[in-house]
Amino acid sequence: MTASKKVRVRFAPSPTGYLHVGGARTALYNFLFAKHNGGDFILRVEDTDLERSTEESMKMQISDLKWLDIPWVEGPNPETFEDMGPYGPYRQSRRKEIYMEHAQRLLKEDRAYYDFRTDEELEALKAAALASDPSKQYQVEAPAQVVSIADAEKRLAAGEKAAIRFRVREKRDYVLHDLVRGDVTFPSDMVGDFVCIRSNGMPVYNFCCVVDDALMKMTHIFRAEEHLPNTLRQMMLYEAFGYEMPQFGHLSFILGPDRQKLSKRHGATSCNDYRLKGYLPEALNNFMLLSGWSSPSGAEIMSREQQIAEFTPDRFNSSPAVFDTVKLEWMNGQYLRALPHEELWKRVEPFLRDAGLSLPASSSAEWRDQALTIFKIKMNTLADAVPLFLPLDDSRFAIGAEAAETLGWPESRAVLEAWRGQVAAFAGERMSEADFDAAQNAVKTAAGAKGKNLFMPIRVAVVGVPHGSELKMVVPLLSKASLLKRADAAIAGLK
RNA sequence: GUUCCCAUCGUCUAGUGGCCUAGGACACCACCCUUUCACGGUGGAUACUGGGGUUCAAAUCCCCAUGGGAACGCCA
């Protein structure tokens, strides 16, 4: 009673596509809960749906979990995908014998029975029941004469198919002490005799879930709210097996802006989508953490350590949360700007490479540092780096359409020509900030322009557009030859 | 239809009977910083779904209504 067991929690996705943000949040919560309590976080693959589960999906989800830095100590090895841990196998498709043994147990104790009825027969029963009393919810019941185990085995051996159904016996209330919702009372007649093993021999979700959670010694189950009504069946199963129930906590949904459950038609919903869009896993984690849970300290941006330290289930919010991508973007910008530049470059670089940018000067650490200093201010996602770095690629440089107005100003010609002259006269390879200031002053005097009439044309002659980062910061990133070519292009664009 | 869950600014949320003329964050607006755009800073506008109770006192407890959602599968 007093000696508390080691906390064991799991994330149990079904591998039918990418990892969804809702699933990722569930994984995160379980992981943080385990860490907070010095327990273990386990990954179990629920692939009993042969139709939809694929090996490929499992690997994608594992990859997403790795990207999010949510590691598990038992489950498929993240590299080899082979089971690791003492309670395996961790894929339900490989645990069939275990489920069958449990089903046999239920059969012997008359808590379950073989059901040879066809779908059509069951349908007819339902229709008849509804016809006699339409106000009552129809539930499947055992036939008056259940086939004996011995007879059933003979018929099975002869090739007939039967499902194994759990027998819901007495009518009474079941009360679940939910960690998120408090006490929830389910009347037992909310469900009929439900299938444990399909006639094709595959066990069904609620059955596997109980067997696995019990055998894998789970102490707590945090899962999505949609499973709440399932819990009644699971409670019945725990009771029939005599297994101790873990503590449950049913998390509220993540919704789209239309307050419908977040789904593909809302756009980006998988972690992979966000990875591709240039979101940082730290930011996505932090954001998911805060939709459905709040920090007792009121913190918003939280380190992993702080998250673990503060994570307790009494902070769950029982109402659903709309996934606010605008706030996620803000948060990503916060994380991104806080990254050391070497690290930020490592993350930005693949996006620049994928965009086909050629930036020879980026081999210099100093150049990278300078470029990130000025560009990260304008970035919220890693992908935002592409249009920012693009003008630095000589082969991609072009005078943008937004430059037309600036190039039409009367003093622009004088400014551009003076600027070109300054660049041409410059003796070094790259201007420093001071060099640029001096050159700009000279242009100011020569062309008699000041304010935006001065620097906007120059900016056009540097990056191709009139708005952007501070010139004295950008100019040192470009070579003299490059600046010269650009000035020529701008002059050619004059009215 | 039956059962279950949920209900505070546009959004994420704080709030567990008096500290609430309801706090924070994003977004929005204004101003400051800034020779542009951003970043940053300061300030502002905006919410307890409705109705009944309980109580000296209710965003907080109870009931009803309304609205939203889920489950009711040999899907998970």
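Chain letters run A, B, ... following the sequence lines, proteins first and then strands; every chain starts at 1.
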Pairing partner of rU66(B), by Watson-Crick or G-U wobble and under 3.5 Å for both distances, is rA7(B)
Considering Watson-Crick and G-U wobble pairs with both distances under 3.5 Å, what does rU34(B) pair with?
none
Sugar-phosphate means primed atoms, P, OP1 and OP2; the rest is base. With that split, encode nucleotides 46-51 of chain B 5' to 3' as B, S or - using protein heavy atoms under 4.0 Å.
------
With a 4.0 Å cut-off on heavy atoms, is Ser469(A) in touch with a base, just the backbone sugar-phosphate, or nothing at all?
base
So what does Arg223(A) hit on the nucleic acid, given a heavy-atom distance under 4.0 Å: a base, only sugar-phosphate, or nothing?
nothing
Base, sugar-phosphate, or nothing for Ser199(A), non-hydrogen atoms under 4.0 angstrom?
base
So Gly298(A), base contact, sugar-phosphate only, or nothing? Heavy-atom distance under 4.0 Å.
nothing
Would you indicate what Gln334(A) reaches in the nucleic acid, counting non-hydrogen atoms under 4.0 angstrom: base, sugar-phosphate, or nothing?
sugar-phosphate
Let's test this: given Watson-Crick or G-U wobble pairing with both distances under 3.5 Å, identify the partner of rG1(B).
rC72(B)
Report the base-pairing partner of rC28(B) (Watson-Crick or G-U wobble, both distances below 3.5 angstrom), or none.
rG44(B)
Measure from the side chain of Ala163(A), starting at C-beta and using heavy atoms only, and say which of rC74(B), rC26(B), rA76(B) lies closest.
rC74(B)
Which of Phe287(A), Trp330(A), Tyr274(A) passes ring pair (Phe, Tyr, Trp, His ring centres under 6.0 Å) with Tyr279(A)? Answer is Tyr274(A)
Using the P atom as the point on both nucleotides, what is the distance between rC62(B) and rC4(B), in whole Å?
16 Å
Classify Gly333(A) by what it touches in the nucleic acid, base, sugar-phosphate, or nothing, heavy-atom distance under 4.0 Å.
nothing
Pull out every protein N or O sitting under 3.5 Å from an N or O of nucleotides 69-72 of chain B, one pair per line with the distance.
residue: rG69(B); atom: OP1; partner: Gln260(A); partner atom: OE1; Å: 3.4
residue: rG69(B); atom: OP1; partner: Gln260(A); partner atom: NE2; Å: 2.5
residue: rC72(B); atom: O2'; partner: Gln137(A); partner atom: NE2; Å: 3.0
residue: rC72(B); atom: O2; partner: Gln137(A); partner atom: NE2; Å: 3.4

